[in-house]
Amino acid sequence: LNVSRKVGRKLPFIAVPGDHHCKPLQLAVLAGLLEGKGVSTVEETSNVLGIYAVITGETAPDEGLILACWAGMLRDAAQEKAEKDGEPGKWD
């Protein structure tokens with residue numbers, strides 16, 4: 001395995017309220033690692049994060065939006081994976 005270690009290179013991000021950034025690549029990698037180790041599927045991780053986003057949004061709206069953003073990105077990744085695995089009807 002050959003990994004590049006370019007320190008000055010920034011990863012893609014999405015700006016959200018409160019000057020915070022969602023880093024979808026890192027989030028998807030983390031969820032994928034959890035799924036690969038049999039801890040949780042990407043779908044389960046997105047669902048739990050979505051619930052946590054709603055609860056957090058009650059007292060901290062900006063943070064709730066950030067978590068909801070992350071949950072949505074994970075759900076999109078889970079949906080894409082399911083479609084590639086031949087499970088397209090799962091998300092209707």
Side-chain angles (χ1 to χ4, degrees):
L1 181 65
N2 196 358
V3 179
S4 175
R5 299 191 187 272
K6 293 181 182 178
V7 178
R9 188 172 157 198
K10 288 188 176 184
L11 296 172
F13 69 90
I14 298 172
V16 294
D19 198 30
H20 297 279
H21 304 286
C22 296
K23 296 194 177 185
L25 180 60
Q26 293 96 323
L27 188 62
V29 168
L30 176 61
L33 286 172
L34 290 172
E35 184 167 316
K37 295 290 183 179
V39 175
S40 173
T41 65
V42 175
E43 179 185 4
E44 290 169 345
T45 303
S46 73
N47 289 340
V48 170
L49 193 56
I51 292 167
Y52 187 63
V54 171
I55 294 167
T56 301
E58 294 290 323
T59 57
D62 287 346
E63 287 81 357
L65 285 174
I66 293 165
L67 292 169
C69 172
W70 293 350
M73 285 185 275
L74 280 181
R75 180 176 167 85
D76 289 345
Q79 182 176 4
E80 186 173 328
K81 181 182 180 305
E83 289 172 356
K84 285 182 181 179
D85 291 346
E87 304 170 14
K90 184 176 182 178
W91 300 94
D92 294 335

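Here, residue 1 is the first one in the sequence, and each next residue gets the next number.
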(message) Return the OH to CG distance between Tyr52 and Leu49, rounded to the nearest 0.5 Å.
(response)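 One gets 9.0 Å once the value is rounded to the nearest 0.5 Å.
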(message) Please report the interatomic distance CD(Glu83) to CD(Gln79), rounded to the nearest 0.5 Å.
(response)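 One finds 5.0 Å between CD of Glu83 and CD of Gln79.
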(request) Mind jotting down which residue pairs meet the salt bridge (Lys or Arg N to Asp or Glu O under 4.0 Å) criterion with at least one end in residues 27-40? Sequence neighbours excluded, please. (result) Glu35-Lys81
(message) Suppose the criterion is salt bridge (Lys or Arg N to Asp or Glu O under 4.0 Å): which pairs have a residue in residues 44-57, not counting sequence neighbours?
(response)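 Sorted result for residues 44-57: empty, none.
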(message) My understanding is that a hydrophobic cluster links ILVMFWY residues whose side chain heavy atoms are under 4.5 Å apart, including indirect links. Using that, what else belongs to the cluster containing Ile55?
(response)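 Grouped by the 4.5 Å side-chain rule, Ile51 form the rest of the cluster around Ile55.
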(message) Ignoring hydrogens, what is the shortest heavy-atom contact between Val42 and Leu74? Give both atom names and the distance.
(response)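 Residues Val42 and Leu74, closest heavy atoms: CG1-O, 3.5 Å.
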(message) Closer than 3.5 angstrom, by distance alone: can the side chain of Thr56 be matched with the main-chain N or O of Ala53 as a donor-acceptor pair?
(response) no
